[in-house]
Amino acid sequence: MKAKTRVIHPHKFPVPEGNRPLLTPIYHSVKYTFDEADDFERCISGTRQGYTYTRVSNPNVAELCALLASLQGRETALLAANGVSALCACLLGLAKTGDHITMFIQSYKPSRFLVQKLLGRFGIRSTLVSIHDHEQIQTILQRERSAVMLFESPTNPTLQIADIEKLIALAREQNTVVALDNTFAGFHNHGQFEVDIFIHSLSKYATGHGDCMGGAIIGNGHIMQKLETEFHFTGTTLDPVTAVQMLRSLKTYFLRYDAQCHGAHRIAEFLESESLVSSVIYPGLPSHPQHELAKRQMRDFGTMISIELADGVNRSRFIDALSLFNLAGSLGSVESVLIPSEPAYAGDLNQQEREISGITPQTVRLSIGIEDPDDLIDDLASALTRAT
Ligand SMILES: *Cc1c(COP(=O)(O)O)cnc(C)c1O
């Protein structure tokens with residue numbers, strides 16, 4: 001063979017039989033071949049197992065799918081390039097022109113954009129209501145016979161807790177599919193509820209180090225089969241190299257999550273005692289309006305805190321005075337970050353909706369990392385004093 005051919009078909013060094021790597025190697029190959037053409041045909045027709053093309057299936061992605069599904073207590077998962085693409089593929093699969101989606105004022109701003117603006121352009125209708133107004137939710141579900149109800153708990157960014165059992169009961173009356181964006185609670189929470197579909201941004205707790213993006217759709221049975229058929233045509237497949245990074249990060253998921261929760265609880269207690277903070281929203285504090293509900297629904301109270309700076313505290317000066325907390329929009333990573341909620345998450349909400357969501361110009365959302373909580377408390381205390 002000439003060099004131009006050899007460079008395309010280099011000699012391979014497969015691992016011998018009876019000898020194997022402890023971790024799954026990265027299968028970055030886009031395509032898979034077969035020793036015999038008949039096997040290819042059997043694979044395509046589904047009468048033998050195998051891989052053909054990475055947009056449709058890949059061993060690394062399959063390993064991550066199985067792990068995430070089991071953590072969430074469900075059978076299967078579909079993995080997307082990021083959380084928003086998972087939401088988009090899921091809603092495209094569940095709703096069609098003329099259908100209605102019930103969603104909530106207390107939700108992630110890009111989710112509102114996706115449903116109201118993007119899906120709205122294709123004739124999918126939607127209504128935004130307060131997640132606590134069960135009477136209005138029932139009225140809307142009945143009147144619109146909603147195809148999907150999409151919600152979060154705790155909500156982003158103001159950490160309100162949805163009564164999951166109640167919402168599911170209301171949706172069941174109308175055969176509405178229940179989709180829970182469980183990003184804030186994590187994979188180990190809420191699996192006990194009859195949620196049809198869980199959505200997660202893997203860019204948060206799964207990576208945990210803020211260095212790769214992904215999204216997951218997790219559920220059971222025929223609803224997942226239906227979604228899977230169309231999912232491959234949305235082209236939002238997770239890359240195998242990213243799947244391996246996620247698998248590596250997930251080994252420390254519980255260690256990180258526990259440490260972050262522990263730190264968040266201590267920091268929330270400190271902030272509550274601080275006169276320059278007028279209110280602290282953390283589901284683990286008895287002062288949280290849905291603390292008892294959070295205790296019943298969740299195994300822990302999460303790593304996020306929402307605070308309301310006292311009137312005399314200048315928001316920008318406070319943020320600029322911090323040295324350990326950086327201003328950044330994401331969450332769930334090992335480093336602590338914070339973001340002012342109003343400019344980041346309330347641009348599309350009117351005054352009444354802002355009141356319902358609890359976002360004011362003085363609201364700041366904190367994501368607690370795994371630094372020593374004492375250092376984080378010192379950082380917050382000194383920045384608050386310097387911002388008055
Ligand atoms: C971040 C986030 C998403 C979107 O995830 P990306 O990976 O950033 O696309 C969706 N829902 C919630 C609640 C989030 O916090």
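Both counts, for ligands and for their atoms, begin at 1 and track the order of listing.
With Q362 contributing its side chain and A310 its backbone, the two residues share a donor-acceptor pair below 3.5 Å. Looking at N189, its side chain does come within 3.5 Å of a backbone N or O of R299 through a donor-acceptor pair. Of the possible polar contacts, none joining the T207 side chain to the K204 backbone as a donor-acceptor pair under 3.5 Å is found.
Using the six-membered ring where Trp is involved, Y253 and H188 have ring planes that are perpendicular, over 60° apart on the 30 and 60° scheme. Ring geometry, Y282 versus H265: the interplanar angle exceeds 60°, so the pair is classed perpendicular (tilted spans 30 to 60°).
Taking distance alone, with nitrogen or oxygen atoms compared against 3.5 Å, S201 approaches ligand 1 more closely than that limit. Between D181 and ligand 1, at least one N/O pair is under 3.5 Å apart.
Numbered from 1 in the order shown, with element, the atoms of ligand 1 that lie under 4.0 Å from a heavy atom of M213 read 7 (O), 8 (O). Set against the non-hydrogen atoms of N82, the atoms of ligand 1 under 4.0 Å away are 7 (O), 9 (O). Near N156, meaning under 4.0 Å from any of its heavy atoms, are these atoms of ligand 1: 15 (O). Close approach to V84 involves these atoms of ligand 1, each under 4.0 Å from a residue heavy atom: 4 (C), 5 (O), 6 (P), 9 (O). Using a 4.0 Å cut-off to heavy atoms of F184, the atoms of ligand 1 that qualify are 15 (O). In summary, the atoms of ligand 1 found under 4.0 Å from a heavy atom of S203, numbered by their order in the structure, are 6 (P), 7 (O).
The nearest heavy-atom contact from the protein to atom 3 (C) of ligand 1 is Y108 CE2, 3.2 Å. At the shortest separation from atom 1 (C) of ligand 1 among protein heavy atoms lies K204 NZ, 1.5 Å. When only non-hydrogen protein atoms are considered, atom 6 (P) of ligand 1 lies nearest to G83 N, 3.3 Å.
When only modelled atom types and interatomic distance are considered, T183 and H200 share no side-chain donor-acceptor pair under 3.5 Å.
At most 12 heavy atoms of other shown residues, nucleotides or ligands fall within 6.0 angstrom of atom NZ in K166.
Of the candidates V337, L380, D378, D375, L324 forms a side chain to side chain contact (heavy atoms under 4.5 Å, CB included) with just one, namely D375.
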